Amino acid sequence: MRLPRFARLAIFAVVVLLIIGGIAFGLYALLGGSRQIGATDRIQAELTETVVPFADGYLVSNGMAFRFYGPGNKAEAAWSYTGKDFSVSDKLLAVWQDSSLAVLNAKGEVSFNGSLEGPIEFARCGKEAVAAYLPGSGSMRVLSREGGELDTIQTGAMSVLDAGFYSDQDLLWILLLNTSSTQPTTLLRTYQPGKAELGGQSFDDQLIYSIVYNDNKLYAVGTGNVSIVSLASNELLDKKPMTFGWQLIDKEIISGNDVGLLFTLSGESASASPERLMLVRGDGSERQLHLPPGCIAAFVGAKGVWGVAPQKVYFLPFTGNMSEYELDFTISGIGSKLPGGKVILRADNETKILTLP
């Protein structure tokens with residue numbers, strides 16, 4: 001039976017509308033529409049506890065003890081250890097209190113447990129070595145994972161702001177503050193423990209507060225600019241852009257020769273509406289970014305920048321339009337970013353690990 005002409009026209013109109021709607025929805029999703037993300041991993045931790053990636057799992061600290069959760073079981077800790085202050089690398093965990101220092105591996109096995117000659121202000125782990133700063137003696141002690149003496153680096157009356165290892169050779173950088181002159185000066189020195197001081201840079205125009213290593217370069221983030229230092233030649237390669245009035249809130253190794261440094265205006269933080277941002281790349285280029293109102297955190301990843309709101313996640317790629325994702329829960333607290341584009345958060349009275357889109 002042949003349908004009346006008006007019925008055929010009505011069906012044709014419905015089909016056309018469905019096609020147009022499908023195309024519109026596809027373009028909406030492609031150009032940055034709203035999609036939904038939901039289920040996340042859960043971990044036995046409070047948001048007030050510190051969660052850091054360690055080996056192939058997570059280390060959770062409550063300020064008095066540590067618990068390690070392996071990749072296959074986030075409900076039950078594989079091992080625990082008592083201690084307050086700590087530092088981790090991919091393979092080592094250093095725990096210290098007063099003058100006592102312990103070194104553990106990812107299995108919770110203690111390779112060294114002993115006392116140094118004075119109180120430890122902080123320690124840092126490398127691949128096979130640990131450095132401990134002793135302000136009382138004005139020195140940085142560098143030990144093997146078994147506690148063997150590798151080097152003692154004298155820092156004198158200068159204050160040690162931070163230190164860290166880089167590369168597979170356990171090379172060490174130390175950030176110092178010299179206040180003996182009329183104008184405070186930040187010094188960045190690099191060492192091959194037990195062998196030689198490789199070089200250093202002096203910054204008398206700003207205070208350096210963060211160091212990022214990648215591709216044989218050190219990115220010294222300061223109150224005035226980002227200074228790029230070559231480790232091979234110990235030369236200052238570049239200084240840019242002006243970061244006065246901005247505060248570093250996140251960093252990411254984007255590729256073998258590129259980094260991402262994410263800044264928000266001073267006075268704001270990752271938990272205080274970071275709507276206006278500045279992204280600095282490894283070549284020194286900068287880009288001003290704007291997130292929608294209501295974001296409580298911002299992070300940089302390998303492909304772009306995320307903004308996290310209580311019920312939404314925004315993704316702004318390095319090239320392209322912003323995408324918007326709906327959450328099927330409400331975030332009540334935000335924690336730190338983990339490798340692989342993951343973030344610790346609190347929702348539904350649980351601590352969760354959300355994989356960002």
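As the structure is a computational prediction, the values presented were derived from the model and not from experiment. Nothing fancy with the numbering, it's 1 onward along the sequence.
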Exercise for the section: Measure up the F54 and W79 rings against each other and bin them: parallel (under 30°), tilted (30 to 60°), perpendicular (over 60°). Expected result: perpendicular

Exercise for the section: Indicate yes or no for a side-chain donor-acceptor contact from N105 to the backbone of L93 under 3.5 Å, with no hydrogens or angles considered. Expected result: no

Problem - Gap separating the NZ atom of K251 from the OG atom of S210, nearest 0.5 angstrom - result: 3.5 Å

Exercise for the section: Tell me whether W173 is reachable from Y133 by hopping between hydrophobic residues (I, L, V, M, F, W, Y) whose side-chain heavy atoms are closer than 4.5 Å. Expected result: no

Handout entry: Polar side-chain atom of D85 near backbone of F122 as donor-acceptor pair, under 3.5 Å
Key = no

Exercise for the section: Please indicate whether K303 has more than 12 foreign heavy atoms, meaning atoms of other residues, nucleotides or ligands, lying under 6.0 Å from its NZ. Expected result: no

Handout entry: Stepwise side-chain contact (heavy atoms from CB on, under 4.5 Å) check, T351 with I344
Key = CA-CA 7 Å; T351 299; I344 301 289; 3.9 Å; yes

Practice task
Examine L289 and I254 and state if one hydrophobic cluster contains both, with Ile, Leu, Val, Met, Phe, Trp and Tyr joined whenever side-chain heavy atoms are less than 4.5 Å apart.
Solution key: yes

Handout entry: Side-chain (S89) to main-chain (L92) donor-acceptor, under 3.5 angstrom
Key = yes

Exercise for the section: Check step by step if side-chain contact (heavy atoms from CB on, under 4.5 Å) holds for V142 and V130. Expected result: CA-CA 6 Å; V142 187; V130 173; over 6 Å; no

Exercise for the section: Show your working on salt bridge (charged side-chain N to carboxylate O under 4.0 Å, His left out) between K127 and D90 and close with a plain yes or no. Expected result: CA-CA 7 Å; K127 182 181 179 182; D90 292 340; over 6 Å; no

Problem - Residues R124 and D162 bridged, charged N to O under 4.0 Å - result: yes

Problem - Verify same cluster id: L171, V160 (apolar side-chain graph, 4.5 Å) - result: no

Practice task
Would you name the heavy atoms of G63 and K84 that are closest together and state the gap between them?
Solution key: O-CG, 3.4 Å

Problem - A220 to F203 - nearest heavy-atom pair and separation - result: CB-CZ, 4.1 Å

Handout entry: Single-linkage hydrophobic cluster L175~M158, side-chain heavy atoms < 4.5 angstrom
Key = no

Practice task
Measure the OG-CD distance between S144 and E128 for me, rounded to the nearest 0.5 Å.
Solution key: 9.0 Å

Practice task
Answer yes or no: is there a donor N or O on one side and an acceptor on the other, between the side chain of S80 and the main chain of R67, under 3.5 Å?
Solution key: no

Exercise for the section: Examine distances only and state if a side-chain atom of N113 and a backbone atom of A102 form a donor-acceptor pair shorter than 3.5 Å. Expected result: no

Problem - Non-hydrogen atoms of V60 and E49 that approach each other most closely - result: CG1-OE1, 3.6 Å

Problem - Atom of V308, atom of F299 and distance for their closest heavy-atom approach - result: CG2-CE1, 4.1 Å

Problem - Pairwise side-chain contact, R346 with K352, heavy-atom cut-off 4.5 Å (strictly under) - result: no

Exercise for the section: Under the ring pair (Phe, Tyr, Trp, His ring centres under 6.0 Å) rule, what do F66 and Y81 come out as? Steps first, then yes or no, please. Expected result: CA-CA 5 Å; F66 308 93; Y81 191 81; 7.1 Å; no

Practice task
Show the numbers, then the answer: is there a side-chain contact (heavy atoms from CB on, under 4.5 Å) between L277 and I249?
Solution key: CA-CA 10 Å; L277 303 169; I249 59 171; 4.1 Å; yes

Completion exercise
Taken to the nearest 0.5 Å, the spacing of L143 CG from L116 CG works out to 6.0 Å

Practice task
Find out whether Y314 and S323 are in side-chain contact, i.e. whether some heavy atom of one side chain is under 4.5 Å from a heavy atom of the other.
Solution key: no

Handout entry: Working for side chain to side chain donor-acceptor pair (under 3.5 Å), residues Q206 and N225
Key = CA-CA 8 Å; Q206 63 175 330; N225 55 60; 2.6 Å; yes

Problem - Residue pair P119 / L134: nearest heavy atoms and the distance that separates them - result: O-CD2, 3.6 Å

Practice task
Give the C-alpha distance, both sets of side-chain angles, the deciding distance and a yes or no for side-chain contact (heavy atoms from CB on, under 4.5 Å) between I43 and Y58.
Solution key: CA-CA 9 Å; I43 189 168; Y58 299 101; 3.8 Å; yes

Problem - side chain to side chain contact (heavy atoms under 4.5 Å, CB included) partner of L161, chosen from I174, L188, L207, I211 - result: L207

Problem - Polar side-chain atom of Y69 near backbone of Q44 as donor-acceptor pair, under 3.5 Å - result: yes

Problem - Co-membership, hydrophobic cluster, residues V280 and Y213, 4.5 Å side-chain - result: no

Handout entry: Within-4.5 Å side-chain heavy-atom neighbours: S115 and L101
Key = no

Exercise for the section: Spell out, as yes or no, whether a donor-acceptor pair under 3.5 Å connects the side chain of T330 to the backbone of P310. Expected result: no

Practice task
Report yes or no: does S99 contribute a side-chain atom to a donor-acceptor pair with the main-chain N or O of G118 at less than 3.5 Å?
Solution key: no

Problem - Test item: Y166 and L172 side chains (from C-beta on) under 4.5 Å apart, heavy atoms - result: no

Problem - Any donor-acceptor pair under 3.5 Å from K91 side chain to G126 backbone - result: no

Practice task
State whether the side chain of S139 and the backbone N or O of T152 hold a donor-acceptor pair below 3.5 Å, judged by distance alone.
Solution key: no

Handout entry: Pair K217 + D215: basic N to acidic O under 4.0 Å
Key = yes

Problem - Student check: side-chain heavy atoms of L356 and V313 closer than 4.5 Å - result: yes

Completion exercise
Here the pair of heavy atoms bringing D283 nearest to D258 is N-OD1, 4.5 Å

Exercise for the section: Report the distance from atom OG1 of T190 to atom CG of L198, rounding to the nearest 0.5 Å. Expected result: 4.5 Å

Exercise for the section: Might you work through the side chain to side chain donor-acceptor pair (under 3.5 Å) test for S180 and N178, ending with a clear yes or no? Expected result: CA-CA 6 Å; S180 60; N178 184 3; 2.6 Å; yes

Handout entry: E146 and F112, any side-chain heavy atoms less than 4.5 Å apart
Key = no

Exercise for the section: Answer yes or no: is there a side-chain heavy-atom contact under 4.5 Å between Y209 and V221? Expected result: yes

Exercise for the section: Would you give the length of the straight line joining atom CZ of R189 to atom OG of S202, rounded to the nearest 0.5 angstrom? Expected result: 9.0 Å

Practice task
Please round to the nearest 0.5 Å and tell me the distance separating atom CE of M140 and atom CD1 of I153.
Solution key: 7.0 Å

Handout entry: Minimum side-chain heavy-atom gap Y219-V229 below 4.5 Å
Key = no

Problem - SB check D151 R141 (cutoff 4.0 Å) - result: no

Handout entry: Charged N-O contact under 4.0 Å between E286 and R281
Key = no

